[in-house]
Amino acid sequence: MKQFSSKQALAVGLTPLLLSLAVTNAFAADVVRTGNAGQNGAAATAPLAAGAAGKAGQSLTINPGNAGAVYNNLTVTGGRGGNGGAGGPAVQEGDAEAGTGGSGGHGGAASATTLDLTGYAGASALGGDGGHAGATPGWFNFTPASPAYGNGGNGGAATSTARTTAVGNATALAVAIGGAGGNANGGAVGIAGVGGAATAAASATSLTGNVSATAVANGGAGGNGANIAWRGARGGNATLNNAVRGTTTGGSVTLAQRATGGKAGDSFDTIPPYQDLVGDARGGNAVSTLVLEDNVASGLSLDIASTGGNGGALSDTGISPNAGGNASSALTLTSGRNGAGIDAQVAAVGGMGGSTPFGGGIGGNASASADLRGKGAVDGRVVATGGAGGTGGNATASLRVSGAGTVRGTAEANAGAGREQWPLTRSNYGAATANLALSGDGALGAASSNGGYATSNTNVSTTGMRAVDVQSQAVANGANGADIGSAIANTVVNTVRAGISAGTAAVRAVSVALGGERIEKATATTDVRAAGDIVASSRAVGGYTSNGATDSLAGETVSTSRAITSGAHNVSVTATALSNIGDANGARAFRGNGTASAYGRSGSGIVESVAVARGGVYGYGYEAGNGHANAAATAVTTQRGGVSLARAEGEALTLNVKATAQGIAAAGGAVTYAAGARSTQGTLAQTSASSAYRDSAFQLPQLAAVSTMTAHVGAGPVNPGALGLGANVAAAIPTVLGTGVHAAGIEAPLSETPAVLATTGEFSFATDSAQRLLLGFVSSTFAGGSFDALDLTISNNGVTLLSQSFTTLAAANLFFNDHVLDLGSFGAGSQHLVINSSLTYAQQGAYAFNYVLGGGALFRTSALGVATLDSVSAVPEPSAWLMMSLGMGGMLLVARRRKSKTVC
């Protein structure tokens, strides 16, 4: 700490005196002081007369100077305020109106200060309670003698300070508790007393030992509105600002601050008053903040907390419900000693809103934050919890951690839950925001939020020397109308810094966003850049049916994942977007759009990219534009030996699904395979693409005439004999460059309009001279009734090479079984071959076929003059790579080199 050098010098000079005083005072008795109570007010005897006010309690300040000795434990209590005298009787026996009771006296303030030289100092200050108002013999008094009558006295304030200095271990404890406000009892005009405020400070200093300092401040409770008096009072505030300090040369430092606002008094309204009086029975606020810099302690342990007081309850609807107190906790901590560890937790809890028969007050807001910076292991946890109420309080949790080795952190925000009110509505949750930032050699942690609007952000920057395992989770609760209950989760990890050699430790990053009911929206994003293996995933779930009504509006979901590494490291990236998840019985809502995008990239490693999207599945007059599923998966390897696997799935009333895989061929050039599925009335699509041949993916699917779509495009096997080609195809295409499978079917039409299901396969490459390509259709299969039409279109660079339609199953089977199609001669340059198939169904049915792509006479390829992916463009920004993943397929790619062969 900046002040340590002077304190150390002072302590060294006083060492003999400290040792002497420690022996002298080691067995000193505790010191207890209590202020005198205030005198009670006299009762009135004349009819309708007001009772006399009670006197204030004695305020008391005790410190080493006025105590006459140095001591280690002190308790000071302010005097209690006197009660007010009772009001006079009614004019006639049985009358409702009587004299107002006198006001209670205020409680005395208390201040306690200790200065100890033995290693322990304790100081406790308790404010005196306010006196209660005197009774009103009748039901009420509408015309009191003075508005000052009938009030409860305020609770006394409390201030506590504890300081200790020692050679060995040292501990300081300071406790301050504000006095409770007195109850009101003065008919329709009485106001209860406000709870006393509280503040405390503690410090401990040692030459070589461990030190501990704790400060506790509790605001006093507000007084209640008793009898007919219906106005309770505010709870007292509790404030701790830089309230603890610990100083030592080599020991550890443990510090704690706990502030709690006082509970507000309850209010009563048994008979409606004739005066429109305003009450204020909010819970007391709590503040606990600390800024600390330490360069010498071996370790630092911090506990910073605040809790807002609960709002006062109402027995009727006479006034607005009372809010809970707010809570705010903040810690800024810096350690400059190499290897010194930091362990800190910061918490804030908002007070509960006061209850009423038909709802409640707003819950108190909670804000908790910490900024931890050290040169050793750093571990932090921040939790913010909004208070419950008629509407829940907001919660914000923020944590920034920077240290050496593996840093750890958790940021958690929980918004307050709402209560049911009149008229009946669904509960209202507050908003919740959690932010986490980690910086070190490695990182472990999570940001989580739960609220009506929930947002979680995790941002990580490390050297890559140690593993990273982080996540963000946002869960939306509550609703009360359209667009309430959204969830946003973002996770960003970067272990690659410009100009600095990055470590190759593994990274795992996850984002999960769960939207609430009805039209809730969920967005999840994961973005990772590292030099080692990566596992990255995002999952967004939005909108589910309400009260079993499957025609409710469904949520929007957007899920995006990107992961980029280099060398021989592997990547697994997944994006899942699920709209309208349905009720417990599996009933699905009509509408909801789901969008999923996954992008993975490596050098010579294995990249697996998966995107799954689901939207609304029913029509029945609802706009088709509200039932989309859009899924795009892209897998890229930029060096030889890399394996790219991409898979995309979609389920919705309308869908657009595409998977793209890019790898490097034997000749050294890039090769892209893309499979896509599109439908105007489909419910399920699966597409995949791979730069490595997979036997299972080439097999025709098992069709059961259900709503399904499948497309696969990939590389050819080393041994084409494994494909089971027919005689015609095997003779014409001895070397297979690519494979594909298309399948589409429908269980039953959703409307009178026929369903149109389309699948696509794409191959991108480059030729340096005139080439000839052949397409061999291998086999086909079908289930259910026949299609109404099957359309096949083949194009290259937008120029149609073939366009053919089939209206009978027999004609299609003849074409798609062991049939070779000569695509003709291709000129030198980039090629983009697209194979589209479209099936139209007015009834149940399904059809599938597969094919291979190979070279004919004079066919050969070269990588000369063709740029690889890395040199085509730099890593795009998020907006650019998202568009790329949604519509990839036009890159310049190079097929593998082979010897020319005459076509049979």
Side-chain angles (χ1 to χ4, degrees), residues 458 460 464 467-473 489-496 504-513 523-540 557-578 594-613 630-639 642-650 657-663 672-675 686-692 869 875-888:
T458 298
V460 177
V468 173
D469 190 350
V470 294
Q471 64 178 309
S472 294
Q473 177 171 293
N490 300 306
T491 304
V492 178
V493 178
N494 190 352
T495 68
V496 181
T504 58
V507 173
R508 176 180 178 270
V510 178
S511 297
V512 178
T523 303
T525 303
T526 302
D527 193 351
V528 180
R529 183 185 294 270
D533 292 346
I534 300 174
V535 175
S537 67
S538 59
R539 180 181 179 86
T557 55
V558 178
S559 180
T560 305
S561 291
R562 180 175 75 158
I564 298 175
T565 188
S566 58
H569 296 286
N570 301 327
V571 169
S572 174
V573 57
T574 304
T576 304
L578 305 178
T595 300
S597 176
Y599 177 92
R601 174 177 158 185
S602 179
S604 59
I606 298 174
V607 177
E608 185 169 6
S609 180
V610 178
V612 178
N630 304 297
T634 303
V636 178
T637 52
T638 61
Q639 300 174 12
V643 176
S644 304
L645 306 171
R647 178 167 58 88
E649 298 182 13
V657 186
K658 186 172 185 179
T660 303
Q662 177 172 325
T672 288
Y673 308 89
Q686 294 182 335
T687 69
S688 61
S690 174
S691 63
L869 180 64
V875 176
E877 294 298 322
S879 60
W881 71 258
L882 178 59
M883 294 179 65
M884 180 187 299
S885 67
L886 291 174
M888 195 173 180

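Excluded from the calculations below are hydrogen atoms, water molecules and symmetry mates; all remaining heavy atoms, backbone and side chain alike, are included.
The two residues A659 and S688 have their closest heavy-atom pair at CB-CA, 3.9 Å. Here the closest heavy-atom approach between residue V636 and residue S644 is recorded as C-OG, 3.7 Å. Here the shortest heavy-atom pairing between A648 and A631 reads CB-O, 4.1 Å. Nearest heavy-atom pair across R647 and A633 is O-CB, 3.2 Å. In terms of heavy atoms, Y673 sits closest to S690 at CD1-O, 3.4 Å. In terms of heavy atoms, A635 sits closest to L645 at CB-O, 3.3 Å.
If you run side-chain hydrogen bond (donor to acceptor under 3.5 Å, both in side chains) between S472 and each of T458, T526, T525, only T458 comes through.
Evaluation of the salt bridge (Lys or Arg N to Asp or Glu O under 4.0 Å) rule for D469 yields R508 as partners, not counting sequence neighbours. Legend: residues meeting side chain to side chain contact (heavy atoms under 4.5 Å, CB included) with V612, ordered by chain and number and at least two apart, are T576, V610, E649. Not counting sequence neighbours, the partners of A675 by the side chain to side chain contact (heavy atoms under 4.5 Å, CB included) test are T687, A711, V713. A577 pairs by the side chain to side chain contact (heavy atoms under 4.5 Å, CB included) definition with T557, S559, A596, not counting sequence neighbours. In this structure, R539 has no salt bridge (Lys or Arg N to Asp or Glu O under 4.0 Å) partners at least two apart in sequence or on a different chain. In this structure T565 satisfies the side chain to side chain contact (heavy atoms under 4.5 Å, CB included) test together with I534, H569, V571, S602, sequence neighbours excluded.
For the residue pair T660 and T634, no side-chain donor N or O sits within less than 3.5 Å of a side-chain acceptor on the partner. At a cut-off of 3.5 Å, with distance as the only test, no side-chain donor of T574 or S537 sits close to an acceptor on the other residue.
The main-chain N or O of S511 is never found under 3.5 Å from a side-chain atom of S538 such that the two would form a donor-acceptor pair. Judged purely by atom type and a 3.5 angstrom limit, D533 uses its side chain to pair as donor or acceptor with the backbone of N570. No donor-acceptor pair closer than 3.5 Å links the side chain of D527 to the backbone N or O of V492. Side-chain atoms of S609 do not come within 3.5 Å of backbone N or O of A646 as any donor-acceptor pair.
No side-chain heavy atom of Y599 sits less than 4.5 Å from a side-chain heavy atom of T560.
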